[in-house]
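Counting starts at 1 for both ligands and their atoms, following the listed order. Along the sequence shown, residues are numbered consecutively beginning with 1. We use all heavy atoms of the structure for the numbers below, so side chains are in, but hydrogens, waters and symmetry mates are not.
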Amino acid sequence: MKKVKAKIIGTGSYLPEKVLSNQDLERMVETSDEWIVSRTGMKERRIARDDEYTSDMGASAARLAISDAGLEAEDIDFILVATLTPDYLFPSTACLIQNAIGAKRASGADIQAACTGYLYLLMMAKSFVESGVYKNVLVVAAEKLSSITNYKDRSTCVLFGDGAAACVVSSEGKGLSVESIQLGSDGEQSNLIIMPAGGCRLPASQETVAEGQHYIKMAGNEVFKHAVRRMETACKECLNAAGITEQEVSWLIPHQANMRIIDAIAKRFEHLPPERIFKTVQKYGNTSASSVGIALDELLKTAPLKQGEQILLTAFGAGLTWGAGILRAE
Ligand code: ACO
C-alpha cells in the first residue's frame, strides 16, 4: 500500500489593521526607536481592536487557508488551535472557530506550546493524516498578545503583536509535503517565560491584578541564549532526520522573536545566504504561535516555490518548547 504523505495544501494569515509603532511606544514608556530597533529589529507591530478576539483572527486566517486549499469548511475533519491567549480557558478556541467558519463536521481542540505552537500542530496534523485518522486537518495559530502585555513594562511591551495564521494539512491535493519535524521541551526552565496568575495555582484575585500577575513575565537575557541554542540544534537535527544539507534549503523561516536572535541563528548556517532568511519581525513583532505561520503564508504569496524547493521552519518559546520542520514543494 502506498504511504500517505501529509501536505499543506492551503495557507492563510490575518493581521489586525491597527499599527503600534516605536514612536507610539515612546509616548507610553521610557524607550526609544533607536533602542528598540538596535535590540530587537522591530519597527511596528499590529494590535487587535478591543472587540476583536483570538477566535476572530483565527477564523479569518482559517477561511483564507480553506479557500486557498480549494475546500469548503464542511470538508474539514479536525481543527487544531495553538494559542496562549485563548478567548476563554474553556470552551476551546477551536470550538469557537469551528462555529465561526461553519466547519460542522469537524472536531477540534486547543494545544498550548507557546511560540512553538505552529510546529507542534504541524506534527500532530501530519500524524493524524499519515495514520489515516483524518483526511483534512485545519491548523490555526492565533494570538491576542496585547491582552496579556503590560504596556507599563518597557522590557516586554515593545516585543509583542497580534495576528493569526492557518493552513490545511491533507492527504490529497498539491502543496508542500510535511517532511521531518523535530520537537523538544524543557519544563525545568518553565519559569523563564510565564504568566503567573489565572490558572489554578494563582486564581484571579484583587491581589493578582494589583501585582500585575496576569501579564507576560520574561527573563529576556536567559531566554535569548536558550532560543539561539535550541533553534540551531533543532534545525540541525531536522536536516539530519530528513537526510538533507543546508545547501538544499531554499528558505529558513525562524520564529520572529528578535532580529538579533534570527541573525545569531543565521550565522550558524553559513551556506544559507542572508536574503534566504525570511523575516517579518520588523513589521509584526513577536506574534508567538502565529509567527512562523504568518511568515510562511507571506513567503508563499510573495515568492512562490518551484517544485522540489525546501523550507526549514524553526521556533522557540515558553515551556520551554522548541522545534524545527522541513517542508518540500511537490
Ligand atoms: N527601552 C529602553 N531600555 C530598555 C528597554 C526598552 N524597551 N527594555 C529594557 N531596557 C533596558 C534595561 O532596563 C536594561 O537597562 P540596565 O542595563 O540599566 O539595567 C538594558 O536596557 C538592557 O536590558 P537587557 O534585558 O539586557 O536587554 P537585551 O539586549 O537582552 O534585550 C530583549 C532584551 C529584547 C527582551 C532580549 O533579551 C530578547 O529578545 N530576549 C528573547 C525574547 C524571546 O526570544 N522570546 C521568545 C519567546 S516569547 C513567548 O514564548 C511568549
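- The shortest side-chain heavy-atom distance between Asp75 and Val168 does not fall under the 4.5 Å cut-off.
- For atom 34 (C) of ligand 1, the closest heavy atom belonging to the protein is Asn258 ND2, 3.6 Å.
- By the neighbour-count criterion of 12 heavy atoms within 6.0 Å, atom CD of Glu275 is densely surrounded, having more than that number from other residues, nucleotides or ligands.
- With a 4.5 Å cut-off on side-chain heavy atoms, Trp35 and Arg154 do not count as touching.
- Looking at ligand 1, you'll find an N or O of Thr31 within less than 3.5 Å of one of its N or O atoms.
- Residues Ser205 and Thr208 form a side-chain contact, since some pair of their non-hydrogen atoms from C-beta on lies under 4.5 Å apart.
- The protein heavy atom nearest to atom 35 (C) of ligand 1 is Leu159 CD1, 3.8 Å.
- Between atom 51 (C) of ligand 1 and the options Ser32, Cys115, Ala318, Ala219, the minimum heavy-atom separation is to Cys115.
- When distances from atom 37 (O) of ligand 1 to the protein are checked, a heavy atom turns up under 4.0 Å.
- Remark: side-chain polar atoms of Arg63 are paired, donor with acceptor, to backbone N or O of Ala100 under 3.5 angstrom.
- In this comparison of Val223, Leu145, Ile148, the heavy atom closest to atom 43 (C) of ligand 1 sits on Val223.
- Ion pair Arg229/Glu232 not flagged as a salt bridge, since none of the NZ, NE, NH1 or NH2 atoms sits closer than 4.0 Å to an Asp/Glu carboxylate oxygen.
- Protein heavy atom in closest approach to atom 27 (O) of ligand 1: Arg39 NH1, 3.3 Å.
- Counting heavy atoms from C-beta on, the side chains of Lys43 and Val37 come closer than 4.5 Å.
- For Asn221, a nitrogen or oxygen atom sits less than 3.5 Å from a nitrogen or oxygen atom of ligand 1, counting backbone and side chain alike.
- Every N/O-N/O distance between His255 and ligand 1 stays at or above 3.5 Å.
- In this structure, the protein non-hydrogen atom closest to atom 40 (N) of ligand 1 is Gly220 O, 3.0 Å.
- Counting heavy atoms from C-beta outward, Thr93 and Val140 have side chains that stay 4.5 Å or more apart.
- In this structure the side chain of Leu327 reaches within 4.5 angstrom of the side chain of Val178, judged on heavy atoms.
- The protein does not reach atom 18 (O) of ligand 1 closely, with no heavy atom under 4.0 angstrom from it.
- Contacts between Thr156 and ligand 1 below 4.0 angstrom, taking non-hydrogen atoms only, are absent altogether.
- With hydrogens left out, the protein atom closest to atom 7 (N) of ligand 1 is Arg154 O, 2.9 Å, a heavy atom.
- At the shortest separation from atom 47 (C) of ligand 1 among protein heavy atoms lies Ile193 CD1, 3.5 Å.
- At least one side-chain heavy atom of Thr11 sits less than 4.5 Å from a side-chain heavy atom of Lys301.
- Note that atom 11 (C) of ligand 1 has protein non-hydrogen atoms nearby, at separations under 4.0 angstrom.
- The atoms of ligand 1 that sit less than 4.0 Å from any heavy atom of Met218 are 42 (C), 45 (N).
- When distances from atom 45 (N) of ligand 1 to the protein are checked, a heavy atom turns up under 4.0 Å.
- Among all non-hydrogen protein atoms, the one lying nearest atom 8 (N) of ligand 1 is Trp35 CH2, 3.3 Å.
- Summary of contacts: the protein heavy atom closest to atom 31 (O) of ligand 1 is Arg260 NH1, 3.9 Å.
- Aromatic ring orientation, Trp322 versus Phe316: parallel (interplanar angle below 30°, classes split at 30° and 60°).
- Near Thr40, meaning under 4.0 Å from one of its heavy atoms, ligand 1 places the atoms 34 (C).
- Considering backbone and side-chain atoms together, Ala114 places no N or O closer than 3.5 Å to any N or O of ligand 1.
- Every atom of ligand 1 with a heavy atom of Ile261 under 4.0 Å away is listed here by number and element: 41 (C), 44 (O).
- Under a 4.0 Å criterion applied to the non-hydrogen atoms of Ser155, ligand 1 contributes the atoms 8 (N).
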Legend entry - Residue pair Glu52, Lys18: steps toward the salt bridge (charged side-chain N to carboxylate O under 4.0 Å, His left out) verdict: CA-CA 11 Å; Glu52 185 175 41; Lys18 186 180 166 194; over 6 Å; no
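- Contacts with ligand 1 closer than 4.0 Å are made by side-chain heavy atoms of Val158 only, the backbone lying farther away.
- Looking at His255 and Asn286, their side chains come closer than 4.5 Å, going by heavy atoms from C-beta outward.
- A salt bridge does not link Glu172 to Lys7: none of the charged nitrogens lies less than 4.0 Å from a carboxylate oxygen.
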